[in-house]
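These numbers come from a predicted model, not from an experiment. No hydrogens, no waters, no symmetry mates; every other heavy atom, side chains included, goes into these values.
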Amino acid sequence: MTATGDVARAVLRRFDLLTEVLGLDRNRATGWTLGRVLQNALWDVEGGKAALEPVQVAIATALLRHR
C-alpha cells in the first residue's frame with residue numbers, strides 16, 4: 001500500500017472494494033473496522049507496546065477522514 005505514495009487513498013480503495021463486493025453497509029463496516037483497530041491497540045498496550053502500530057493508525061485515520 002505504501003508503494004502508491006498515498007496510503008489513505010489505498011486504504012479507502014480497498015475498503016470500498018471490500019464493502020461493495022460483499023454488499024456491506026459502508027457505515028457499519030466502518031464502525032466495525034474502527035472497533036477492531038481499537039481492540040488491536042488495546043492488545044498492543046496490554047502486551048507492553050508504547051506506541052500504536054502505523055498500519056492501524058493509517059486505517060483509522062483514512063476511515064475517520066472519509067466519514
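- Counting only residues at least two apart or in different chains, side chain to side chain donor-acceptor pair (under 3.5 Å) contacts with residues 41-52 comprise Lys49-Glu53.
- Scored by the salt bridge (Lys or Arg N to Asp or Glu O under 4.0 Å) test, Arg13 finds no partners at all (sequence neighbours excluded).
- A side chain to side chain contact (heavy atoms under 4.5 Å, CB included) with Leu42 is found for one member of Leu38, Asn40, Val45 and no other, namely Leu38.
- By the 4.5 Å heavy-atom criterion applied to side chains, Phe15 and Ile59 are not counted as neighbours.
- Linking Ile, Leu, Val, Met, Phe, Trp and Tyr residues whenever their side-chain heavy atoms come within less than 4.5 Å leaves Val57 and Leu34 in two separate clusters.
- No continuous path of ILVMFWY side-chain contacts below 4.5 Å connects Leu18 to Leu12, so the two sit in separate hydrophobic clusters.
- With hydrophobic clusters built from ILVMFWY side chains whose heavy atoms lie under 4.5 angstrom apart, Val55 shares a cluster with Leu63.
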